[in-house]
Amino acid sequence: MQISDFDFDLPRENIALEPARPRDSARLLRVAAGQKLAETRISDLPGLLEPGDLLIANDTAVIRAQLAARRGEAKIGITLDRILSDGSWHALAKNARKLKPGDTLHFGTDPVTAEVVENEGDGAISMRFSAEGEAFDDFLKRAGVLALPPYIDRPTGPTMQDDSDYATIFERHKGAVAAPTAGLHFTPDLLAALDARGVKRHTLTLHVGAGTFLPVRDEIASHKMHAEWGRIDARTAQLINDTRASGRKIVAVGTTSLRLLESAADEHGIVHPWEGETSIFIKPGYRFRAVDRLMTNFHLPRSTLFMLVCALAGTETMRDAYRHAIAEGFRFYSYGDACLLDRAP
């Protein structure tokens, strides 16, 4: 495989700069290998699922992960990535070459500071803040801003509307840098319709990291995924296994849910309770063990996420689907439309 196998041209007008309103009015493209593409709406999702199917969504909540720091006179742009087991933070930093262990970072006039623990190279650092818990949460509210993807054009920074638009109905546990964007489409009315249909739903947690924005720069075989922290509790794992045993389907809401489910599944497809970091890289040739269907937004060219959907539904199937979506004016990326994919045989 070459990176060019996963490239395509996307007109700028296909990039969504704000979500559909209401959210479940966004378009949905039904994609299954060997079947004709079908256009519908997110609000029609319950009719595309069967009673007893299990919908698994990501309940992570986005933090204001982008910070403007100074070390002396040097400006250092910080994007928090994930909290580490010792309470320090892994982060991506602009001008990181200027940083060395022991350096103190200041954030304007805020009393909270951070100490550089390690400079890992290639813009990655670890750092320890002088506040934790609620005090740290309050600090991020004061000093941080949303780390919106670069393709969402905000010349003066994220808006107050983005604070609500970039949050899912499922959010419960703070820690993500980026939103699990497939979850942005869900509304109370849609959840009620799924319940009435007899579709079961449950959540897991995967804190999406800053690495989700990084392109594949080298050969696919040598690409390293950034680690992300996730958790599947015993009750959720049992519900997933019982659903599969009954012959019903596991439907992942978003690639983040899918990646954690596949990380927690053994070679027999049994999902086990999980807590820890995953850096799973799913690309064509991967044999899926836990997930039958995926609801996901339309992804960037040459990205690991486009490789993932090609692995699930088939590369040619997805290339055809994306060509159709572009030609028909579907809206791409975080605030865009979605597709519902069946796992290819």
Side-chain angles (χ1 to χ4, degrees), residues 1 5-11 14-16 19-20 23-50 53-58 180-186 190 193-194 197 199 201 244 248-259 261-262 281-345:
M1 290 181 294
D5 296 335
F6 304 95
D7 200 5
F8 56 87
D9 293 323
L10 182 71
N14 285 81
I15 300 175
R23 296 188 185 201
D24 59 5
S25 67
R27 299 166 74 183
L28 182 67
L29 186 64
R30 176 82 170 77
V31 182
Q35 297 183 28
K36 185 178 179 179
L37 297 169
E39 296 185 17
T40 183
R41 297 281 172 180
I42 299 290
S43 56
D44 298 320
L45 179 63
L48 301 176
L49 306 178
E50 297 296 329
D53 287 351
L54 177 60
L55 204 71
I56 297 289
N58 188 354
T181 54
L184 296 178
H185 297 292
F186 286 78
L190 180 55
L194 288 164
R197 174 68 170 163
V199 175
R201 51 188 174 83
R244 291 188 66 85
R248 297 304 184 186
K249 296 186 184 303
I250 305 300
V251 184
V253 177
T255 56
T256 60
S257 297
L258 182 147
R259 291 179 64 245
L261 288 169
E262 291 296 322
F281 182 9
I282 296 176
K283 52 188 180 293
Y286 178 85
R287 184 175 294 277
F288 289 84
R289 299 174 292 187
V291 173
D292 302 298
R293 306 178 84 181
L294 170 67
M295 177 182 163
T296 185
N297 287 20
F298 292 93
H299 302 295
L300 279 73
R302 304 167 69 95
S303 65
T304 61
L305 299 183
F306 185 56
M307 294 175 196
L308 183 153
V309 297
C310 288
L312 183 77
T315 301
E316 287 308 312
T317 296
M318 290 311 304
R319 289 181 69 87
D320 288 344
Y322 272 48
R323 278 193 290 266
H324 175 90
I326 292 169
E328 294 300 317
F330 275 71
R331 302 163 74 244
F332 274 58
Y333 304 164
S334 295
Y335 281 157
D337 298 315
C339 48
L340 180 64
L341 313 178
D342 280 13
R343 185 177 67 186

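Shown here are the salt bridge (Lys or Arg N to Asp or Glu O under 4.0 Å) partners of Arg331, two or more places apart in sequence or in another chain: there are none. Tyr335 is linked by a side chain to side chain donor-acceptor pair (under 3.5 Å) to Asp162, counting only residues two or more places apart in sequence or in another chain. Annotation: side chain to side chain donor-acceptor pair (under 3.5 Å) contacts of Asp342 (sequence neighbours excluded): Arg30, Arg293. Take Asp337 and apply the side chain to side chain donor-acceptor pair (under 3.5 Å) test, not counting sequence neighbours, and it matches no residue. Residues passing the side chain to side chain contact (heavy atoms under 4.5 Å, CB included) test with Pro345, sequence neighbours excluded: none. Ala193 pairs by the side chain to side chain contact (heavy atoms under 4.5 Å, CB included) definition with Pro46, not counting sequence neighbours. Taking Arg23 as the reference, Asp165, Leu184, Thr187 meet the side chain to side chain contact (heavy atoms under 4.5 Å, CB included) condition, with sequence neighbours excluded. The side chain to side chain contact (heavy atoms under 4.5 Å, CB included) search around Ala338 returns Leu28, Ile42, His185, Met295, Asn297, not counting sequence neighbours. Every residue meeting the side chain to side chain donor-acceptor pair (under 3.5 Å) condition with Thr256, not counting sequence neighbours, appears here in chain and number order: Asn58.
Ile326 is not listed as a side-chain neighbour of Phe298, based on a closest heavy-atom distance of 4.5 Å or more.
Exactly one of Leu258, Ile282, Val31, Leu294 qualifies for a side-chain contact (heavy atoms from CB on, under 4.5 Å) with Val309. That residue is Leu294.
Residues Ala252 and Leu261 come closest through the heavy atom pair CB-CD1, 4.3 Å. Of all non-hydrogen atoms in Ala33 and Ala313, the two that sit nearest each other are CB-O, 4.0 Å. Across every non-hydrogen atom of Ala20 and Ser25, the tightest pair is CB-OG, 3.7 Å.
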TODO: Check the pair Thr315 / Asp5 against side chain to side chain contact (heavy atoms under 4.5 Å, CB included), numbers first and verdict last.
DONE: CA-CA 9 Å; Thr315 301; Asp5 296 335; 5.7 Å; no
Open item on the list: Go through it in stages, so that I can follow the logic: the residues are Phe281 and Met307, the test is side chain to side chain contact (heavy atoms under 4.5 Å, CB included), and I'd like the CA-CA distance, side-chain angles, deciding distance and then a yes or no.
Closed with: CA-CA 9 Å; Phe281 182 9; Met307 294 175 196; 3.8 Å; yes
Task: Test log, rule side chain to side chain contact (heavy atoms under 4.5 Å, CB included), inputs Val253 and Leu55 - done: CA-CA 7 Å; Val253 177; Leu55 204 71; 3.6 Å; yes
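Separating the CZ atom in Phe6 from the OG atom in Ser303 is a distance of 10.0 Å, to the nearest 0.5 Å. With rounding to the nearest 0.5 angstrom, the CD1 atom of Ile250 is 6.0 Å from the CZ atom of Arg244. To the nearest 0.5 Å, atom CG of residue Leu300 and atom CZ of residue Phe332 are 10.0 Å apart. Interatomic distance, Met318 CE to Cys339 SG, rounded to the nearest 0.5 Å: 4.5 Å. Between atom CD of residue Glu262 and atom CG of residue Leu312 there is a gap of 8.5 Å, rounded to the nearest 0.5 Å. Going from atom CG of Leu29 over to atom CG of Leu340 covers 9.5 Å, rounded to the nearest 0.5 Å.
A centroid separation of less than 6.0 Å is found between the aromatic rings of Tyr286 and Phe288.
Pairs passing the ring-ring contact (aromatic ring centres under 6.0 Å, His included) check and including a residue from residues 299-321, sequence neighbours excluded, read Phe8-Phe306, Phe306-Tyr322. Applying the salt bridge (charged side-chain N to carboxylate O under 4.0 Å, His left out) test to every pair with at least one member in residues 313-324, sequence neighbours left out, gives these pairs: Asp320-Arg323. Contacts classified as salt bridge (charged side-chain N to carboxylate O under 4.0 Å, His left out) and involving residues 39-49 (residues at least two apart or in different chains) are given here: Arg27-Glu39.
Using a 4.0 Å cut-off between charged side-chain N and carboxylate O, Asp292 and Arg248 make no salt bridge. Taking the charged nitrogens against the carboxylate oxygens, Lys249 and Asp53 have no contact shorter than 4.0 Å, which rules out a salt bridge.
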